[in-house]
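See below for the structure under consideration.
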Amino acid sequence: MSTGISILLYHQIGEEPGKHTNLDCFCSVEEFRLQMEYLRDSKKQVVSLAGAIQRMASNREIKNELVVLTFDDGCERFYDLTFPILNQFGFLCTIYPVAGCLGKPASWGKIQNPDLKILSSKKIRELSDMGVEIGAHTMNHYKLTELRNEVAYQEIYESKDLLQEITGREVNSFSYPHGAYNPTIIKMVEEMEFTNAVSCIEGNAENCRSIFELPRKYITYFDGIEVFKDKIKNNGSKAISTF
Ligand SMILES: [Zn+2]
């Protein structure tokens, strides 16, 4: 049997893409349900991000394929569309809301998307109480590598601080906006006492070069169930960088 850890990267799960929707960042709710049914019926095990990292750190042989579910940006529909499905299957996950846009439409850089509203503080608190891990994804979704160091630091620090205040829990995981980072940014994340960070490097996670550069597998609107199955096969880490 093949083994390995696939950390899946989703953004928006919705009924229909709107006219402003980036289809690379959208998955229809029907496809998402089919994907979750496949995970349930296969021999793969859906685990929390912390659980997968523990398995990686313990040097124990990973005996089957582990899948971790992550959702970037904190789309509001996560609350009423995505979470009920995950809850039905008993799957854990991590979400990374853009902390400067809570309760508002997405507005960062070139993205001005009235079709994409970000979760409110209240809903984030409720989801955290129901077992969803909340990770940080900065305040304003800038490419951290293009900011002055002090500004990048503030972007990361304030998002962690705000989400910890909202949830009353430690925020341990960080997701680099646009997958952009460099050694200076990694050092900041480590020094702020995050325990791990997810990237947009494509591939399996078990042999990653650092716990602060965890590879993921992007799921998009164009991925039918066969493409999905293929993506989560244990195909090793490819060193693709998106910055
Ligand atoms: Zn993002």
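In listed order, ligands and their atoms are each counted from 1. Computed over heavy atoms, backbone and side chain alike; hydrogens, waters and symmetry mates excluded.
Counted by atom type alone, Ser120 and Tyr79 present zero donor-acceptor pairs between their side chains at under 3.5 Å.
Of the residues Lys122, Arg169, Lys123, the one that meets the salt bridge (charged side-chain N to carboxylate O under 4.0 Å, His left out) test with Asp129 is Arg169.
Taking Asp80 as the reference, Arg77 meet the salt bridge (charged side-chain N to carboxylate O under 4.0 Å, His left out) condition, with sequence neighbours excluded. Glu165 is linked by a salt bridge (charged side-chain N to carboxylate O under 4.0 Å, His left out) to nothing, counting only residues two or more places apart in sequence or in another chain. Glu158 is linked by a salt bridge (charged side-chain N to carboxylate O under 4.0 Å, His left out) to nothing, counting only residues two or more places apart in sequence or in another chain.
For the pair Lys160 and Phe194, the cation-pi criterion (under 6.0 Å, within 45° of the ring axis) is fulfilled.
Under 2.8 Å from the Zn ion (ligand 1), one finds the following protein N/O/S atoms: Asp73 OD1, His137 NE2, His141 NE2.
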